S.K.: 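Could you have a look at this structure, given as structure tokens, before my questions?
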Amino acid sequence: MTAPLPALPAKIHPLVRAFLDSRDAVEDTVVRFGSPVHLVFPQVYAENLTRFRAVLDLQVSHYRICYAHKVNQSRAFVRTAEHAGVAIDVASPQELGSAIGAGFDATRIEVTGPKGEAFLRQLIDRGVTINVDNLWELGRIAELAGDRTKVPVLLRVSGFDAASASRFGVPLAHLDRAFDLLSASRSRIAFLGFAFHIDSGEPAERIRAIDACLALVEQAYDHGLTPSVLNIGGGFRQVFTADADRFDGYVLALREALLGRGAQMSWGNNTFGYHVDGGAVHGIPVFHKYANTVPATTMLADLLAAPLERHGGRTVAQVAGDNMLELWLEPGKALVDHAGVTVAKVEFVKELADGTVVVNLDISRDLVTPADQEVMVDPIVLSGNGHRPDAHVGHATVTPLRPVGDTATTPPPMPESGPVAVYFAGRLCLERDLITNHKVWLPQRPQPGDLVVFPNTGAYHMDLSAATASMHPVPTKLAVTHHAGSFQACRDGDYEPPVPVGLPPHPSAARGPHRSPVLRQVSHADNDGAP
Ligand SMILES: *Cc1c(COP(=O)(O)O)cnc(C)c1O
């Protein structure tokens, strides 16, 4: 018996797995649209949303989900969110335009992040909800707001933990100034409530923040304000790994290798954020998110059910209800988890002087991961059979091509066979454009023309850091759906959610104020009186 090879098996959604297993579907997509491509799966997104809602429905009577647009530029995801009747969280004029273009009206748009003067003016004009980042913003809103309609405002708060500073939000210590501004501007600002966003997997941190915000609600009442919203932000985790034990095993071997024990597993001097010191490996690696095994829905359910000491042990959900607070959430990555993959192609395989095997792809690192992170799930190589090295199908080719046909010849098989450890490298003329800085074990050596699938790239991987270095265009983004037994791909921008047979179109498709029975949201007008 030989030990299994080090591996980082990726969790794959059954729909995505079915797509990858139907080789014709993948290859047809690449023949039609070229390589590389980003694929988004709106049906998986819709399923994630349904699960999120199911958790909330069990515990919370009034809530609002604001999909955090910044996680992916995909219009298909934004359309799916709009169609499903949730709200959206945008963080730039362009994201605002995207939301409006996808059918969101002002009552379903919330704007977070730092905003400059011009953007603030635009937001006030539009009547969207402004999640205020700092006192300058709040002051400018008070000055710019007219007397006709009140500007709906949330106040983002930070500084719950003195040890970890945040550049966002109004520090708890400055809240007196915020209260003064808000109560002096009551005729022009509709103060909805408090917000925070922390990207932590540690439940206690979020509970502490909620507790602090509840205390602020009481203080707000003392200032004559009537907050009705508690916005707990996003940060609900993804599960990348299909096998936590193998993941741990790989990481253990990697740490050993960093100490010089066993075969080398990393490119150059890479330590992935670990500190190697005194014969030991310390610290938290840049890839720690891949170790998570708790699904976002479990994290959310546990948070809602967490008892609050200061409130006689009543749960977060109960205390929100007791205080007539509508719970707002801003999930990003949790909604796109497993709803996207990136497909690239092997250009050539190269051997270095020391025998290291480098698989060169037609993609760069920034198209599958933010530069400072490391992708810790194995790419899937769709090798051999049927797939030809069709060098003429580049990413500039966007129109359907006729099948490549018999003109392409298959190169003679490389002599090497059996498992091989490789690094994946990118297409840029930069030493650092390695797609993996850790070794990936493949069942066999890839061939030019083989397709390589990067799993679960929907959240922040595809386009948060993507650049057009060397004038390479960014990859085409396609929406892939499964319908009537087969897969269809269309350009992301052309995707339309299906209207269920026998049901009238969703009310949000019509003009006028949106009121979703599922969302059960309180519109801003309601905050002034009616229940
Ligand atoms: C990025 C961001 C989110 C989304 O975070 P996820 O971790 O993707 O859920 C939500 N709210 C704010 C303010 C953000 O900046």
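Atoms within each ligand, like the ligands themselves, are counted from 1 in listed order. Because the structure is a prediction, the values reported are computed rather than measured.
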S.K.: Report the nearest protein non-hydrogen atom to atom 3 (C) of ligand 1: residue, atom name, distance rounded to 0.1 Å.
M.R.: H197 CE1, 3.5 Å

S.K.: Purely on distance, is any nitrogen or oxygen of E330 under 3.5 Å from one on ligand 1?
M.R.: yes

S.K.: Looking at the rings of F196 and F160, which for Trp means the six-membered one, are their centres under 6.0 Å apart?
M.R.: yes

S.K.: What is the closest protein heavy atom to atom 8 (O) of ligand 1, and at what distance does it sit?
M.R.: Y460 OH, 2.5 Å

S.K.: Is there any N or O on G235 that sits under 3.5 Å from an N or O of ligand 1?
M.R.: yes

S.K.: Once you measure the plane-to-plane angle for F191 and F194, does it fall in the parallel (<30°), tilted (30-60°) or perpendicular (>60°) bin?
M.R.: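 Perpendicular: the ring planes of F191 and F194 meet at over 60°.
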
S.K.: Looking only at distances, can you tell me whether any N or O atom of G332, backbone or side chain, sits closer than 3.5 Å to an N or O atom of ligand 1?
M.R.: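 By distance alone, the answer is yes.
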
S.K.: Can you classify the ring geometry of H461 versus F240 as parallel (below 30°), tilted (30 to 60°) or perpendicular (above 60°)?
M.R.: tilted

S.K.: Give me the nearest non-hydrogen protein atom to atom 2 (C) of ligand 1 as residue plus atom name, then the distance to 0.1 Å.
M.R.: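 Its nearest protein heavy-atom neighbour is K70 NZ, 2.4 Å.
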
S.K.: F41 pairs by ring-ring contact (aromatic ring centres under 6.0 Å, His included) with which of F19, F487, F77?
M.R.: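 Among F19, F487, F77, the one that satisfies the ring-ring contact (aromatic ring centres under 6.0 Å, His included) with F41 is F19.
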
S.K.: Taking both backbone and side-chain atoms of R156, is any N or O found less than 3.5 Å from an N or O belonging to ligand 1?
M.R.: no

S.K.: Taking it one step at a time, do Q122 and D125 satisfy side-chain contact (heavy atoms from CB on, under 4.5 Å)?
M.R.: CA-CA 5 Å; Q122 191 187 347; D125 280 350; 5.7 Å; no

S.K.: Nearest protein heavy atom to atom 7 (O) of ligand 1, by residue and atom, and its distance?
M.R.: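 Minimum-distance protein heavy atom for atom 7 (O) of ligand 1 reads K333 NZ, 3.0 Å.
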
S.K.: R365 side chain to I435 main-chain N or O, any donor-acceptor pair under 3.5 Å?
M.R.: yes

